[in-house]
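Notes for the one structure printed next.
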There are 2 protein chains.
Amino acid sequence: MGLFLSTAVNKIDRKGRVSIPSHFRAALSGQSFQGVVLFPSHHYACLEGFGWDYIEEISQRLDTMDFFSNEQDDLATTIFGESVQLSFDNEGRILLPQGLREHAALDGDAVFVGLGRKFQVWEPAAFEQRKAESRQGIKSKALTLPKGGVV
Amino acid sequence: MGLFLSTAVNKIDRKGRVSIPSHFRAALSGQSFQGVVLFPSHHYACLEGFGWDYIEEISQRLDTMDFFSNEQDDLATTIFGESVQLSFDNEGRILLPQGLREHAALDGDAVFVGLGRKFQVWEPAAFEQRKAESRQGIKSKALTLPKGGVV
DNA sequence: TGGGTATATATGGGATATCATGGTTTTATA
DNA sequence: TATAAAACCATGATATCCCATATATACCCA
């Protein structure tokens with residue numbers, strides 16, 4: 001397995017904890033780090049999430065760049081500097097840092113959307129809007145999957 | 001594990017001590033030397049930091065460069081000449097040498113930014129500027145990760 | 001098939017441990 | 001002996017652990 005699928009909505013409790021949907025946790029069960037990495041999306045008011053292996057992959061790609069190059073620094077500052085490593089508690093929850101909650105305007109409920117190798121976390125109303133937009137986008141541009149490609 | 005992620009701001013006390021964020025210490029927990037290596041960045045008014053293992057890797061990479069090139073001299077001078085090895089106290093703090101504090105204009109608060117294999121230490125206002133700059137840099141140059149997608 | 005039981009998941013709350021921070025005392029050093 | 005550095009101790013805030021419970025899901029057996 002290892003792919004994030006489907007959508008689920010969970011509650012954020014007064015301490016700022018949320019359960020990661022169990023099927024998302026199942027997708028991560030094989031990994032060394034039991035938790036997720038979250039990152040504020042630059043396109044939308046939502047969070048992007050993935051497993052530890054994905055971060056390591058990014059790190060390896062960055063390592064192929066020059067040591068103290070500006071390009072490497074720019075990418076690393078935005079990608080690594082803004083992502084947070086959050087481990088599961090015994091109940092499969094994470095504690096959402098304040099900054100991330102604000103970025104996605106999360107309060108009360110959180111929508112988890114599976115997108116294959118990554119997932120997103122949305123405030124419910126914002127997600128409804130996004131969903132409508134994306135349907136519209138698919139219609140107007142007649143988007144299809146690239147041949148044999150990944151989303 | 002072993003990657004530096006996310007951003008945290010800690011206080012420098014009147015003796016010049018700062019806590020290294022606990023998740024950074026966790027990333028270094030497997031290493032023989034319990035502490036960090038810091039040196040003044042030549043690109044920015046900040047400090048660059050990493051664990052002991054990374055110093056060795058840098059040394060190896062320098063060996064692959066032209067022997068008496070200016071570039072190698074610069075790097076070698078910076079990295080080996082200006083680096084300071086600072087060990088944790090029982091509370092996970094280091095004592096910042098005066099010269100380094102001045103280079104990064106550190107006073108009061110210090111921002112720790114994870115960049116994967118290394119991290120940086122910034123004066124808060126200076127980092128805000130740097131953050132904007134790096135986002136801009138990515139956009140304008142349409143930077144993507146080598147051989148692969150953007151996050 | 002129906003109904004009931006067991007199991008897993010999501011959620012809440014109190015107790016406990018960790019972290020960042022400040023200060024005091026002891027040790028090393030010049 | 002003067003000074004800086006290291007070790008030690010204290011504390012509030014916050015994160016983590018642990019237990020309880022409700023609800024939903026899977027499972028079993030008549």
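Values reported hereafter were calculated over all heavy atoms of this structure, with side chains retained and with hydrogens, waters and symmetry mates removed. Residue numbering restarts at 1 for every chain, and letters A, B, ... go by the order of the sequence lines.
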Atom CG of Asn10(A) to atom C1' of dA24(D): distance rounded to whole Å? 13 Å
Full working for side-chain contact (heavy atoms from CB on, under 4.5 Å) between Leu47(A) and Phe39(A): CA-CA 6 Å; Leu47(A) 309 178; Phe39(A) 175 86; over 6 Å; no
Please determine, for the side chain of Arg17(A), which listed nucleotide (dT25(C), dA20(C), dC17(D)) has the closest atom? dC17(D)
Could you say whether Pro21(B) or Pro21(A) is positioned toward the 5' end of DNA chain C, judged by the nucleotide with the nearest heavy atom to each? Pro21(A)
Using whole Å, report how far CD1 of Ile94(B) lies from P of dA6(D). 11 Å
Rounded distance (Å) that lies between atom P of dT18(C) and atom CZ of Arg25(B): 12 Å
Please figure out whether Glu91(B) or Ser87(A) has its closest DNA chain D nucleotide nearer the 5' end. Glu91(B)
Tyr44(B) ring centre to Arg130(B) NZ or CZ under 6.0 Å, with the angle to the axis within 45°? yes
Can you tell me the distance, in whole Å, between the CD1 atom of Ile20(A) and the P atom of dA10(C)? 10 Å
Under a 4.0 Å N-O cut-off, is there an ion pair linking Asp74(A) with Lys131(B)? no
Quickly work out the Leu95(B) CG to dA6(D) C1' distance and round it to whole Å. 9 Å
Looking only at dT11(C), dG13(C), dC19(C), the nucleotide nearest the Ser22(B) side chain is dC19(C)
Parallel, tilted or perpendicular: ring planes of Phe119(A) versus Phe4(A), cut at 30 and 60 degrees: perpendicular
Using whole Å, report how far CG of Leu96(B) lies from C1' of dA5(D). 14 Å
For Lys15(B) and for Gly92(B), find the nucleotide of DNA chain C with the closest heavy atom, then tell me which residue's nucleotide is more 5'. Gly92(B)
Where the side chain of Ser19(A) is concerned, which of dA10(C), dC8(D), dC18(D) is the nearest nucleotide? dA10(C)
I need the CG-C1' distance between Asp89(B) and dG23(C), as an integer number of Å. 13 Å
Does Leu86(B) reach a base, just sugar-phosphate, or nothing at all? Heavy atoms under 4.0 Å. nothing
Under 4.0 angstrom, heavy atoms only, what part of the nucleic acid is Ile12(A) near: base, sugar-phosphate, or nothing? nothing
Distance test, side-chain N/O of Asn90(B) to OP1/OP2 of dA6(D), below 4.0 Å: no
Donor-acceptor contact below 3.5 Å, side chain Arg93(B) vs main chain Phe88(B): no
Compare side-chain N and O positions of Arg14(A) against OP1 and OP2 of dG13(C) and report whether any pair is under 4.0 Å apart. yes
Nucleotide of dC9(D), dG12(C), dC17(D) approaching Arg93(B) most closely (side-chain heavy atoms): dC9(D)
Nearest-angstrom distance from the residue atom CZ of Phe88(A) to C1' of dT9(C): 14 Å
Got a donor-acceptor pair under 3.5 Å from the side chain of Lys11(A) to the base of dT23(D)? no
Students often get this wrong, so: under 4.0 angstrom with heavy atoms, is Asp13(A) touching a base, only sugar-phosphate, or nothing? sugar-phosphate
Checking salt bridge (charged side-chain N to carboxylate O under 4.0 Å, His left out) between Asp13(B) and each of Arg17(B), Lys15(B), Lys11(B), which is the one that passes? Arg17(B)
